[in-house]
Number of protein chains: 2
Amino acid sequence: MFTPFNKLNKSTCTSCKDKSCAVAVLNESQLELLDGNSYESEIKKGETILRSGALVSHIIYLKTGYVKEFIIGQSGKTQIIQIVKPFSYLGLHSLFGDKINHYSYTALEDLKICYIDISAFKRLIKENGDFAYEVLVYVCKESLNNFFRFANQSQKSANGRFADILLYFSEMYNNCNFNLPLTRQELADLISLSRENTTRVMSRFKADGIIKINDKNIEIVKFDLLKKISKNG
Amino acid sequence: MFTPFNKLNKSTCTSCKDKSCAVAVLNESQLELLDGNSYESEIKKGETILRSGALVSHIIYLKTGYVKEFIIGQSGKTQIIQIVKPFSYLGLHSLFGDKINHYSYTALEDLKICYIDISAFKRLIKENGDFAYEVLVYVCKESLNNFFRFANQSQKSANGRFADILLYFSEMYNNCNFNLPLTRQELADLISLSRENTTRVMSRFKADGIIKINDKNIEIVKFDLLKKISKNG
DNA sequence: TGTGGGATGTGATTAATGTCACAATCATTT
DNA sequence: AAATGATTGTGACATTAATCACATCCCACA
């Protein structure tokens, strides 16, 4: 069997154990099409995966690791949209929008991604309705989640926002004890506060015994109180 | 030819002049399927079209008129997500999410909508890849637009937010002179400010000769200055 | 004609948040 | 070892926006 150059030492899409929900519904020949139009790559922590403003030639599937999705606003301030989890697509919204990428993505740790050619991806959508349906589900869910966070955030004060983001991370890692993948500044950019105010809220929560802090490590001690703060403030 | 009861005096989807971009790619038999699973309805100004929390049995296509899309946050405050324009779908995100509707919609004026049965809609997506593609384009564009607004808004002060929303409306109506479809309170809920602060900003802009105000009617006088304010804060 | 309720504008006050300044820590480089 | 720069915590202060209070205005309706 012919093995394309860029597939050396790479798994095929067919045998991939990290398939997305959408790719899971593809048939054998469609998987081969995907396989012939995608290639795997490794990214080092801190590297930029995709930059806002770039033309979209590939969409990116995140196999392992966490990624920061952000934009730089008109005033030059950074706004972090979300922390993207494994098994997600990067740049998908922009692909179907206007072909220009709208978000920037940087790796929060060493990670593995797959580049997928956009024309192949589009062809799969048009050929396989179940695939299209799953992509739609993905896009809509993500959109709903992020909007819910944003909308709630804009109604809350600093305490409520910080409580929210702690719950967000504890849910993401499925653990009350986790290592923040962000600096304090990035945390601030995620909840739209100043860095100083963010650390102040952290100190207050620590002093009140709601959380324990050890550099990047955070442990939620009073979970219920945190939920109450998230709700009321 | 048999005419179903609910189609009396209604146009068919085939002859509809207000088709969405997605429906425009359907073939004859698919249009008939759509026709058999949708019905038109009229809504009076102020009526609720769809409520957050309801199970999604139909999606709604907005043929004419403007609609307010909003959620009520955990604290009870209202957050308006966007003003939905004609030729848009209502409840689409929720359809592909978890079957529960996440946004509420009320009519800002008398308007015409079409209810479309969700199973028929899903069948069209799975049957016709071009249709699915167009639906994806719609969802992604809307998502990008709204995020862009939200992300920018969260970085701006009251002046910047109000300037933004004036530009938003003038673009929507394609006119520097327009009638606000919202009360001052709703305007405040759209840009996440208090009602009082919103009117104060309006008064300031009026005093500075940036806009003219006559009740709900607003005329943008100094367009360039408004853009500058929007940009700088 | 009068009455009640919603919407609106504005002043005074309070609360929250951003900004500035500075010190401490740590990792990396020279 | 010294130096540089990034990150973090914290106090003082300035700025901004929310809240409270109240007066108008307008409209629907008795």
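Chain naming here is simple, since letters A, B, ... match the order of the sequence lines and numbering starts at 1 in each.
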Side chain of B:S143, backbone of B:V139: donor and acceptor closer than 3.5 Å? no
With the criterion being N/O to N/O and under 3.5 Å, what pairs connect the protein with nucleotides 15-17 of chain C, and how long is each?
{"residue": "C:dT17", "atom": "OP1", "partner": "A:A158", "partner atom": "N", "Å": "2.9"}

Whole-Å distance, A:Q185 CD to D:dG9 P, equals 12 Å
Whole-Å distance, B:R184 CZ to D:dT24 C1', equals 14 Å
| query | So does B:D164 pair up with B:K156, basic N to acidic O under 4.0 Å? | reply | yes
Whole-Å distance, B:I191 CD1 to D:dA17 P, equals 10 Å
Worksheet entry | Under-4.0 Å side-chain N/O to phosphate OP1/OP2 contact, B:K216 with C:dT8 | yes
Taken to the nearest whole Å, CG/B:L187 to C1'/C:dG9 is 14 Å
Can you confirm whether or not the ring centre of B:Y138 sits under 6.0 Å from the ring centre of B:Y89? yes
Q. Is the side chain of B:D215 donor-acceptor paired with the backbone N or O of B:N217 at a distance under 3.5 Å, no angle test?
A. no
To the nearest angstrom, the CG-P distance between A:D215 and D:dA6 comes to 18 Å
(message) Please tell me if A:R200 has a side-chain N or O lying less than 4.0 Å from either OP1 or OP2 of D:dG9.
(response) no
Within the pair B:S203 and C:dT10, is there a side-chain N or O less than 4.0 Å away from OP1 or OP2?
yes
Between CG of B:L182 and C1' of C:dG6 the distance, given in whole Å, is 16 Å
Q. In terms of side-chain geometry, is the basic nitrogen of B:E109 or B:K44 positioned less than 4.0 Å from the acidic oxygen of its partner?
A. no
Rounded to whole Å, CD1 of B:I213 lies from P of D:dC25 at a distance of 17 Å
Here the distance between atom C1' of C:dT14 and atom CD of B:E196, to the nearest Å, is 14 Å
| Any ion pair linking A:D110 and A:K45 (charged N to carboxylate O, less than 4.0 Å)? | no
| With a non-hydrogen cut-off below 4.0 angstrom, is B:T199 in contact with a base, only sugar-phosphate, or nothing? | base
message = Any N or O donor-acceptor pair under 3.5 Å from the base of D:dG9 to the side chain of A:R195?
response = yes
B:S94 side chain to B:H102 backbone, donor-acceptor under 3.5 Å = yes
